[in-house]
Engineer: 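Quick one: the structure is below, and I'll ask about it shortly.
None of these values were measured; they are calculated from a predicted model. Just so you know, these numbers use all the heavy atoms, side chains as well, and skip hydrogens, waters and symmetry mates.
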2 protein chains.
Amino acid sequence: MKRKPSLKDIAEKVGVSTATVSYVLSKGKESKVSAEVSKKVKAAAKELNYQPNQIAKSLKSGKTFTIGLIVADISNPFFANIARIIEDEAAKLNYTVIFGSSDEKAEKSWDLIQFLSNRQVDGFIIAPTENSEDQIKYLKEQNIPFVLIDRFFPTINSNSVTVNNFEAAYGAVRRLIEKGSEKIGIIAYSNSLYHMRERVRGYDTVMKDHKLKVSNNWLHEIEFSDIKNGVHNAIDILLHEKPNVEAIFFATNTLAVYGLKYLDRLSVEVGKDLAVVSFDEGEAFDFYYCPLTIVKQPLGALAENAVEILIHKINDLDTKEKKVCLDTELIIRESCGRK
Amino acid sequence: MKRKPSLKDIAEKVGVSTATVSYVLSKGKESKVSAEVSKKVKAAAKELNYQPNQIAKSLKSGKTFTIGLIVADISNPFFANIARIIEDEAAKLNYTVIFGSSDEKAEKSWDLIQFLSNRQVDGFIIAPTENSEDQIKYLKEQNIPFVLIDRFFPTINSNSVTVNNFEAAYGAVRRLIEKGSEKIGIIAYSNSLYHMRERVRGYDTVMKDHKLKVSNNWLHEIEFSDIKNGVHNAIDILLHEKPNVEAIFFATNTLAVYGLKYLDRLSVEVGKDLAVVSFDEGEAFDFYYCPLTIVKQPLGALAENAVEILIHKINDLDTKEKKVCLDTELIIRESCGRK
DNA sequence: CTTCATTCTTTAATCGATTAAATAAGCAAT
DNA sequence: ATTGCTTATTTAATCGATTAAAGAATGAAG
């Protein structure tokens, strides 16, 4: 790779010291330099197509203008969309984004934090995995700015941007009830993370509030390690073991995708034999023969808030921790009833 | 942010020079240092939880172990999936990935190249936009390693990893013909990029080879600036102006998504009133009431090849340019015929 | 003709790690 | 005792940019 021109090259060309060149090229300091020299330096910089070496700048300043983004999986549309908005917001402020996928594994998440931290990212935006409390505490201790998104730990005081999972789940399941379902199953992850617990609690609570007894056959918590089979088993039980359900609430996008595919294979007709609601958008859901009622998360606001809070924190470490909880929207379509 | 311990901190703690510490901690050089000192240094490093500052390393070595990834849009599943695989492959080799979305705009692409280049990325993986030939030439001139993916410029000798777009389009449309369609429309982008031209040429050629005359109503090239309306108009013309078509070939994922939604609105039944094939996978397509016949691109191989070629080039600038063209697979489902 | 202020420019340290080269210390051979 | 040879350690330069502080040059005031 051809060596890029440095301050030194300009300095030599013009016949001044690198300090002078630096003063000319760094805004606000130009007054220190005579108009004549300034002009020559600028001309030389242009001629050589000088671009400052950000690595050198970073070493001196201790700032890299880089954000580390750690999500469960960048290829998951939910996170890919968030990543895109974070990218745009960050770019506006001259920040770049380095990303990594944790696959919901605390160990991978920790490796990523170390890895990116050694690369001196100025801060992190993290969708934390289960059992990563220690990592979050570590970041706090080290005074490394970060914002949690999508999930957070209620026991740790930190910046976070999430949605009202409890209300969202409550509202989604209430919709099923209003449309006539009484026996309702839920398929969620067996995950201790707060957002997932809240979704389950939303389900539980709305059932209780409507005096609907929940059979212990109806709550299914799937392991990340084998989502597909988990969902298939859950659906088999929900539909075929007594008391069998009239409706299913899927707690995430991915669960719903596997679920709907399997329902198709079983020739269960959604909207007729079975009512369904799900969390998250998905191109797939629009195309489904029976358009899906879903909980829509405000991805744009989620990402924008995260970047804003992070950059604030980076610029002023004394900023107090901020917890943002955003409202979701229940997009009502046909799948929540049964004809 | 608490200052992280540096070599100097260890050196002071142990009472030796930073050079000695560096020799202990950098593998292969340990033999230079006495066992006694070495032990002390290692203990101190551990105690302080020393993590080398990659920025400083990079400045010295001129290597950042960072790849710049520039795609059209990281939230597009096609690119999001590629990004994920690139991330994994890069991580294996201790590289991180910085990404940026060009939105198919040459100007944005140029800004990103400059931006990431100033951050001293070791190389780029780029899905180039239209009219970005100069940018690619610039990278060549500067001897900056890069690999083009998805698209490339036949006039510029460079690394690239693409698929056989011509054969893929040919095969997809031939399938429509074999299933009885003779009047076939195509919806593509009005884009001079080679991959798009090849897809159109595949369509043209297979029609010619089967002695099917293509009406000038049938080739629709949509602007990026207004995809949705472009697709709607195209479909209106294809279906309602004589001679109207029996089948449509969508040249990308995104075009098909808009197209199918609109067909739904028009109550056109795919697989009965109209045959359809599309490029690219999409969760949505599996769910479509009439599962879609698609051209499946080998995303894994695409990304793996790109990383491998790039890293080779980074490690040895004299490596000859490599052009990889991968085979696609036609996934045959129901949408390509009409009952 | 000093003296002091002002303006412009350079020197040199710094960020954190690496590494060639210099130095120091220990020991053996003559 | 001198020389040479190892081995262990330090010194100092380097990567590229920034910036406080020192220095030089000019001019004005006394």
Side-chain angles (χ1 to χ4, degrees), chain A residues 1-42 44-45 48-66 94 117-122, chain B residues 1-42 44-45 48-66 94 117-122:
Chain A
M1 192 164 357
K2 204 186 289 181
R3 199 179 57 78
K4 295 217 199 136
S6 68
L7 279 190
K8 206 174 156 192
D9 298 316
I10 300 180
E12 276 167 12
K13 192 177 168 86
V14 177
V16 294
S17 71
T18 62
T20 304
V21 178
S22 175
Y23 285 132
V24 173
L25 266 24
S26 54
K27 285 170 189 143
K29 304 272 176 58
E30 212 187 320
S31 56
K32 304 183 83 169
V33 183
S34 70
E36 190 194 12
V37 171
S38 175
K39 214 175 108 190
K40 274 200 270 181
V41 168
K42 279 182 183 163
L48 294 174
N49 184 31
Y50 170 74
Q51 302 284 138
N53 182 325
Q54 292 296 336
I55 297 291
K57 270 192 168 169
S58 294
L59 180 59
K60 185 84 210 320
S61 66
K63 229 178 138 354
T64 54
F65 282 94
T66 303
N94 264 293
S117 179
N118 294 348
R119 277 168 163 69
Q120 313 296 122
V121 298
D122 292 335
Chain B
M1 194 167 350
K2 202 187 290 180
R3 199 180 57 76
K4 295 214 199 138
S6 67
L7 279 191
K8 207 173 156 192
D9 297 317
I10 300 180
E12 277 167 11
K13 192 176 169 87
V14 178
V16 294
S17 71
T18 62
T20 303
V21 178
S22 175
Y23 286 132
V24 172
L25 265 26
S26 53
K27 285 168 191 149
K29 305 271 176 58
E30 211 188 318
S31 56
K32 303 182 85 169
V33 182
S34 71
E36 189 194 14
V37 172
S38 175
K39 211 173 112 189
K40 274 199 271 181
V41 168
K42 279 181 183 164
L48 295 174
N49 185 29
Y50 169 74
Q51 302 286 136
N53 181 324
Q54 292 296 336
I55 297 291
K57 271 192 169 172
S58 294
L59 180 59
K60 186 81 212 319
S61 66
K63 229 178 139 352
T64 54
F65 282 93
T66 303
N94 264 293
S117 178
N118 295 349
R119 276 169 164 69
Q120 313 297 121
V121 297
D122 291 334

Engineer: How close or far is atom P of D:dT18 from atom CG of A:L7, stated in whole angstroms?
Structural biologist: 6 Å
Engineer: Residues two or more places apart in sequence or in another chain: which of them pass side-chain contact (heavy atoms from CB on, under 4.5 Å) with B:K57?
Structural biologist: B:P52, B:Q54
Engineer: Quick one: side-chain contact (heavy atoms from CB on, under 4.5 Å) partners of B:T66, sequence neighbours excluded?
Structural biologist: A:R119, B:T64, B:T96, B:I98, B:V121
Engineer: Is there a side-chain contact between A:N53 and B:N118 in this structure, where contact means two heavy atoms from C-beta onward sitting under 4.5 Å apart?
Structural biologist: no
Engineer: Check the phosphate of D:dT18 against A:S26, side-chain N and O only, distance under 4.0 Å to OP1 or OP2. Yes or no?
Structural biologist: no
Engineer: Taking the side chain from A:S26 and the backbone from A:S22, do they hold a donor-acceptor pair closer than 3.5 Å?
Structural biologist: yes
Engineer: According to side-chain contact (heavy atoms from CB on, under 4.5 Å), who are the partners of B:N94, at least two apart in sequence or on a separate chain?
Structural biologist: A:F115
Engineer: For nucleotides 4-9 of chain C, just jot down a letter per nucleotide in 5' to 3' order: B, S or -, based on protein non-hydrogen atoms under 4.0 Å.
Structural biologist: ----SB
Engineer: Using side chain to side chain donor-acceptor pair (under 3.5 Å) as the criterion, list what pairs up with A:S61, not counting sequence neighbours.
Structural biologist: none
Engineer: Restricting to non-hydrogen atoms, name the atom on A:P5 and the atom on A:L48 that form the minimum distance, rounded to 0.1 Å.
Structural biologist: CG-O, 3.3 Å
Engineer: Tell me which pairs pass salt bridge (charged side-chain N to carboxylate O under 4.0 Å, His left out) where either residue lies in residues 5-21 of chain A, with sequence neighbours left out.
Structural biologist: A:R3-A:D9, A:K13-A:E47
Engineer: I'd like to check the ring pair (Phe, Tyr, Trp, His ring centres under 6.0 Å) partners of B:F65; sequence neighbours left out, ordered by chain and number.
Structural biologist: B:Y95
Engineer: Taking side chain as C-beta onward, heavy atoms only, is B:Y50 less than 4.5 Å from B:L7?
Structural biologist: yes
Engineer: Please report the distance, rounded to the nearest Å, between NZ in A:K4 and C1' in D:dC15.
Structural biologist: 14 Å
Engineer: Taking NZ from B:K60 and C1' from C:dT18, how many angstroms apart are they, rounded to a whole number?
Structural biologist: 4 Å
Engineer: Would you kindly give the OH-to-C1' distance between A:Y50 and D:dG16, to the nearest whole Å?
Structural biologist: 7 Å
Engineer: Using every non-hydrogen atom in the two residues, find where B:V14 and B:A44 come nearest and quote the distance to one decimal.
Structural biologist: CG2-CB, 3.6 Å
Engineer: Polar-atom pairs under 3.5 Å, protein N or O versus N or O of nucleotides 23-27 of chain D: list them with distances, or write none.
Structural biologist:
none

Engineer: Check the distance between C:dG16's P and B:E12's CD and give it to me in whole angstrom.
Structural biologist: 11 Å
Engineer: Return the set of residues passing salt bridge (charged side-chain N to carboxylate O under 4.0 Å, His left out) with B:K63 (not counting sequence neighbours), or none when no residue passes.
Structural biologist: B:D122
Engineer: To the side chain of B:A19, which of D:dA17, C:dT11, C:dT19 is closest?
Structural biologist: C:dT19
Engineer: C:dA17 C1' sits how many Å from B:Q120 CD, rounded?
Structural biologist: 17 Å
Engineer: Could you give the CG-to-C1' distance, from A:N118 to C:dG16, as a whole number of Å?
Structural biologist: 13 Å
Engineer: Just how large is the angle between the end axes of the helix from C:dC1-D:dG30 to C:dT30-D:dA1, five pairs per end, to 10 degrees?
Structural biologist: 90°
Engineer: Rounded to whole Å, please give me the gap between CD1 in A:I10 and P in D:dT18.
Structural biologist: 11 Å
Engineer: List the residues meeting side chain to side chain donor-acceptor pair (under 3.5 Å) with A:T18, not counting sequence neighbours, and say none if there are none.
Structural biologist: none
Engineer: Under a 4.0 Å heavy-atom cut-off, which of residues 51-59 of chain B touch DNA chain D?
Structural biologist: B:L59
Engineer: For B:V16 and B:K40, what are the C-alpha separation, side-chain angles and deciding distance, and is it a side chain to side chain contact (heavy atoms under 4.5 Å, CB included)?
Structural biologist: CA-CA 10 Å; B:V16 294; B:K40 274 199 271 181; over 6 Å; no
